[in-house]
Structures are given as structure tokens and as C-alpha cells.
J.: 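Let me begin by handing over the structure; questions about it come next.
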2 protein chains.
Amino acid sequence: MSVSGQPVKEQRRTRQRAAVDEVLDETADFISAQELHAILRSRGAGVGLATVYRTLQTMADDGRVDVLRADGGEAVYRRCLREEHHHHLVCRSCGAAVEIAGPTVERWTKSMADKYGYVDISHTLEIFGTCPRCAAQSSP
Amino acid sequence: MSVSGQPVKEQRRTRQRAAVDEVLDETADFISAQELHAILRSRGAGVGLATVYRTLQTMADDGRVDVLRADGGEAVYRRCLREEHHHHLVCRSCGAAVEIAGPTVERWTKSMADKYGYVDISHTLEIFGTCPRCAAQSSP
DNA sequence: TCTGTATTGAGAGCCATTGTCAAAACGGCG
DNA sequence: CGCCGTTTTGACAATGGCTCTCAATACAGA
């Protein structure tokens, strides 16, 4: 996936999509579709849940947001700064994330795949931990 | 998780748990709880779905099976050969997996975490691709 | 064998996510 | 500016994975 360019079909500018975009811009942490929907709702912006899901999905397909699975398997989204492929160092407690690139890892996965004859490779790598701020709060 | 030892509480040997164990032994690929349940059912061994879930979950907690999330977020399980921490090269098409260890990666994630002050680190890394066998079938 | 406790299982329940489809919103065009 | 074909939306139903409930049942040690 996301190997080809971004020959995105349509893409009308609508109030709903703008709203979702806005929330993503303001949020530095990974959030779920449900949370995003709740924020919009509390903010008065009426946007249907289905629309939030659709929008996030489209954005994810286009590579405009990053997706990863929370512990329970729930999908969480985040607007990323760097366009290129990268990974995250995510705070288990507050969701704060740092984007990191790992040329070493990329090379390593490639060599492993080659070694075993696997083709059309992709990979997922996320690091979870407790960020400095949260760590400080729990043991002062 | 799985940092501490395995102070597993009880663990009675039951027909159901043995059945699940058996299927896992015979299966080299990652399979979902639902699939495992279907296999048991087709085999005549009556084991409730809830039990399959519970058993797999317990095994996962004890580190006796590895878990990872399929594309749709569904959890898939597999009995692993090596006890220590490792990763997988998984076939997107048939689920066949190769276990691989990556000292380089372990070191890298550790250094990244340190760099940003994150503590109590854990990480997930899985490589997906098409195995030689499946690749051969699709373009002969 | 007896007994206290761990385990099971059928089914209800929970929750994230997707499908449906008529009504509403876009945006290019005249 | 209003028209129109197409894209989007959204309320709600429907899926599907997974968990909870709790009475019935199967262990395992005495």
C-alpha cells in the first residue's frame, strides 16, 4: 500500500472535512475516531460519526495521517509532521508521540526479507514507553 | 509486559486447554481465535469460543504464545519456538512466519527512548510481505 | 470417593467499525 | 445567480471481534 503516487480521485472541500482537519492540527497525540468525534460534538460542530471514520480512513490511505493500533486494537490517528516513512515513540500514558526515522531499521528489515525470499515488503515499528512528564508525575 | 517472571497462579490441565495446545502445535502460521475455534469445532472437539479466547489470552500473558494484530485489528496467535524476545517476518497472504531476532533493532529502540527520556520501554516490530511460495503462485 | 475451587460454555452484551440510502452540499457551467 | 450531475453526509441498522455472566461441570488433592 501507499507505494504508488497519490492519484487521489475526488476531494471536495466540505465543512466536515475541514473540522476534522482542524482537530487533527490542534492535537499532538494519537486519538481515536471516537475521541475525535466527541471533540467535534462537544465543540458544537455537528459531524456524523460515520463521516469521521470515512475521513480519517481516506486521509490514512493518502498518507496524510498516521495510524496505529492502541492496546485494545482500536485505531488511533495523528497528523504527522514529516511526510516520509517514519516511526513513533509513543507515551503509553498520555499518547504524546515523537516521530523518529530509522535508516538502520529500514535497511535491516529489507535484508531480512531478502534473506528469506519475501517480497513486497512493509513493516510496522512503534516504541511505547512513559514520557518524561508522565514519569515525573507518578513518582515524586 | 512480560518483564517479570512467570508466577502463573493456577493452571489446571483440562481437555479444552489441551485441545487448544494441540492445534497451536500443529499450526505454523498465525491464526485468530475464531479460526482456532473453527478448527476445534470441525474436529469434533467441543470447546466454547469464550474458552478459546480465555486460553489464548492467558497463554499470551504468560508469554507462551505470540500475539500480533492482523490488518483489521483482529488478534492472531502463534506458538513460538524461541522463548526470548523476537520479531516476525509474516506472509501477508498465507500467514506463514519466520522468527527473527534483531539485536541491532533492540539497541536502536533503547537509544531512541533514552534520547527522549522515555522510560519503561517496549516495542513492536513486524515485517509483512509475500513469502516465496505465495509469490510463485501469483505470477507463474 | 469427597470436596472446595478452578474452569467451562451458551448466550447476552459491549464496542469499534462499516454498510445503507435518501437527503443535502459542492462546484463548474451557463 | 441558479441549475445539475456527482460527491458527501448522517442517522441508523448491521457486522464482527471480544468480553461478561453465572449456573453447571470438571479438576486435583485429601
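Numbered from 1 within each chain, the chains take letters A, B, ... in sequence-line order. These numbers come from the heavy atoms of this one structure, side chains and all, not from hydrogens, waters or symmetry mates.
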J.: Round to the nearest Å and state the distance from Q11(B) atom CD to dT5(C) atom P.
T.: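 Q11(B) atom CD is separated from dT5(C) atom P by 18 Å.
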
J.: List the atom pairs, with distances to 0.1 Å, where a side-chain N or O of residues 44-51 of chain A and a protein N or O form a donor-acceptor pair under 3.5 Å, not counting sequence neighbours.
T.:
| unit_1 | atom_1 | unit_2 | atom_2 | d |
| --- | --- | --- | --- | --- |
| T51(A) | OG1 | R54(A) | NH2 | 3.4 |

J.: Please report, rounded to the nearest Å, how far the P atom of dT25(D) is from the CZ atom of R13(B).
T.: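 These atoms are roughly 24 Å apart.
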
J.: When the axes are fitted on five pairs at both termini, how much does the helix from dT1(C)-dA30(D) to dG30(C)-dC1(D) curve, in 10° steps?
T.: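 Helix axis angle between the two ends: 30°.
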
J.: Look at R64(A) together with E83(A) and state whether they make a salt bridge at an N to O cut-off of under 4.0 Å.
T.: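 No, R64(A) and E83(A) are not salt-bridged.
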
J.: Any ion pair linking R43(B) and E26(B) (charged N to carboxylate O, less than 4.0 Å)?
T.: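 So E26(B) pairs with R43(B) through a salt bridge.
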
J.: Send over the distance from H37(A) NE2 to dA11(D) P, rounded to a whole Å.
T.: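 Distance, rounded to whole Å: 8 Å.
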
J.: Between D66(B) and R79(B) (salt bridge meaning N to carboxylate O under 4.0 Å), is one present in this structure?
T.: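 Here D66(B) does not pair with R79(B) in a salt bridge, since their nearest N and O are not under 4.0 Å apart.
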
J.: For L56(A) and V65(A), work out which heavy atoms get closest and say how close.
T.: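 Between these two residues, the closest heavy atoms are O-CG2, 4.0 Å.
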
J.: Near DNA chain D, under 4.0 Å by heavy atom, which residues of residues 43-54 of chain B?
T.: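 Contacting residues: A50(B), Y53(B), R54(B).
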
J.: How many Å lie between CG on D71(A) and P on dA16(C), as a whole number?
T.: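 It is 14 Å, rounded to the nearest whole Å.
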
J.: Cationic tip of R92(B) within the cone over F128(B)'s six-membered ring, i.e. under 6.0 Å and within 45° of the normal?
T.: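 No, R92(B) and F128(B) do not form such a contact.
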
J.: Looking at dG9(C), I'd like to know if its phosphate oxygens (OP1 or OP2) sit under 4.0 Å from a side-chain N or O belonging to Q16(B).
T.: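 For dG9(C), OP1 or OP2 has a side-chain N or O of Q16(B) closer than 4.0 Å.
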
J.: What is the distance from CD1 of I31(A) to C1' of dA16(C), rounded to the nearest Å?
T.: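 That distance rounds to 15 Å.
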
J.: Closest approach to the side chain of T14(A), judged atom by atom: which nucleotide of dA28(D), dT17(C), dT8(D) is it?
T.: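 My answer, after comparing the listed nucleotides, is dT8(D).
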
J.: How many Å lie between CZ on R69(B) and P on dG16(D), as a whole number?
T.: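 It works out to 18 Å between those atoms.
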
J.: Report yes if a side-chain nitrogen or oxygen of R17(B) is closer than 4.0 Å to either non-bridging phosphate oxygen (OP1 or OP2) of dC27(D); otherwise report no.
T.: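 Answer is no, no contact under 4.0 Å.
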
J.: Are the charged groups of R17(A) and D21(A) less than 4.0 angstrom apart, N to O?
T.: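 No salt bridge links R17(A) with D21(A).
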
J.: V90(A), I100(A): one ILVMFWY side-chain cluster at the under-4.5 Å cut-off?
T.: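 The answer is no; the residues belong to distinct hydrophobic clusters.
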
J.: Could you pick out which residue, E74(A) or R15(B), lies toward the 5' side of DNA chain C when each is mapped onto its nearest nucleotide?
T.: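 Upstream on the strand: R15(B).
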
J.: Heavy-atom count check: over 12 atoms from other residues, nucleotides or ligands less than 6.0 Å from R13(B) CZ?
T.: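 12 or below, so no.
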
J.: Determine whether any donor atom in the side chain of R12(B) lies under 3.5 Å from an acceptor atom in the base of dT5(C), or the reverse, and answer yes or no.
T.: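 Answer is yes: a donor-acceptor pair is held.
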
J.: Classify the nucleic acid contact of Q57(A) as base, sugar-phosphate or nothing, counting any heavy atom under 4.0 Å across all strands shown.
T.: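 The answer is sugar-phosphate, as Q57(A) gets under 4.0 Å only of primed atoms, P, OP1 or OP2.
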
J.: Rounded to the nearest Å, what distance is computed from the CG atom of residue L36(B) to the P atom of nucleotide dG17(D)?
T.: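 Atom-to-atom, L36(B) to dG17(D), this comes out as 14 Å.
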
J.: Give the rounded distance in Å between these two atoms: CD of E35(A) and C1' of dT17(C).
T.: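 One finds 15 Å between C1' of dT17(C) and CD of E35(A), rounded.
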
